[in-house]
Visitor: 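The structure follows.
Because only heavy atoms are used, hydrogens play no part in the values below, and waters and symmetry mates are left out as well, while side chains stay in.
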Amino acid sequence: IREEKIFAFIRDEDGLFRKIEKTVYRDRDTNEVKAGQEITLDGFYRPTLDDDYDDVMSYQGIDGSDQVLKLKLIENES
């Protein structure tokens with residue numbers, strides 16, 4: 001059995017994104033996948049068009065074209 005980490009982003013109502021880490025376990029012989037723990041990581045991200053970004057997510061748009069979403073981690077302001 002092999003542990004795999006999956007990362008995704010969810011958008012909050014305020015338009016900011018949060019990073020999700022999900023652990024799954026795959027049986028190499030049967031290819032069966034069992035869900036493990038899902039964690040919402042600390043920190044908020046905002047979308048950006050700049051080349052200064054902290055994370056990037058690729059996805060397929062409604063029209064089937066490849067899209068890229070660049071995200072910048074928001075620093076905590078004290």
Visitor: Transitive ILVMFWY cluster of I62 at side-chain heavy atoms under 4.5 Å: who else is in it?
Guide: none

Visitor: What pairs with D14 under side chain to side chain donor-acceptor pair (under 3.5 Å), at least two apart in sequence or on another chain?
Guide: none

Visitor: Among all residues two or more places apart in sequence or in another chain, which pass the side chain to side chain donor-acceptor pair (under 3.5 Å) test with K34?
Guide: none

Visitor: Mind checking side chain to side chain contact (heavy atoms under 4.5 Å, CB included) for S58 and listing every partner two or more places apart, or none if nothing turns up?
Guide: V68

Visitor: In chain order, what residues pass the salt bridge (charged side-chain N to carboxylate O under 4.0 Å, His left out) check against E21, with sequence neighbours excluded?
Guide: K5

Visitor: Applying ring pair (Phe, Tyr, Trp, His ring centres under 6.0 Å), which residue pairs with at least one partner in residues 23-42 are found, sequence neighbours left out?
Guide: none

Visitor: To the nearest 0.5 Å, what is the distance between CD (Q67) and CD (Q60)?
Guide: 9.5 Å

Visitor: R26: which residues meet the side chain to side chain donor-acceptor pair (under 3.5 Å) condition with it, sequence neighbours left out?
Guide: E4, N31

Visitor: Among residues at least two apart in sequence or on other chains, which ones pass side chain to side chain donor-acceptor pair (under 3.5 Å) with D63?
Guide: S65

Visitor: Please set out all donor-acceptor pairs under 3.5 angstrom arising from side-chain atoms of residues 46-56, sequence neighbours excluded.
Guide:
{"residue": "T48", "atom": "OG1", "partner": "D50", "partner atom": "N", "Å": "3.1"}
{"residue": "D52", "atom": "OD1", "partner": "K72", "partner atom": "NZ", "Å": "3.3"}
{"residue": "D52", "atom": "OD2", "partner": "K72", "partner atom": "NZ", "Å": "3.4"}
{"residue": "D54", "atom": "OD2", "partner": "L73", "partner atom": "N", "Å": "2.7"}
{"residue": "D55", "atom": "OD2", "partner": "K19", "partner atom": "NZ", "Å": "2.7"}

Visitor: As an exercise, state the distance from CD1 of I20 to OG1 of T40, rounded to the nearest 0.5 Å.
Guide: 3.5 Å

Visitor: Out of curiosity, does L41 fall in the hydrophobic cluster containing I74 (side-chain heavy atoms, cut-off under 4.5 Å, transitive links)?
Guide: no

Visitor: Tell me, please, which residues at least two apart from F9 pass ring-ring contact (aromatic ring centres under 6.0 Å, His included).
Guide: Y45

Visitor: Which pair of heavy atoms, one from D27 and one from D29, lies closest together, and at what distance?
Guide: OD1-N, 2.8 Å

Visitor: If you compare all heavy atoms of R18 against all heavy atoms of G43, which two are closest, and at what distance to 0.1 Å?
Guide: NE-O, 3.8 Å

Visitor: Linking directly or through intermediates, with side-chain heavy atoms under 4.5 Å: list the remaining ILVMFWY members grouped with I6, chain and number order.
Guide: V24, V33

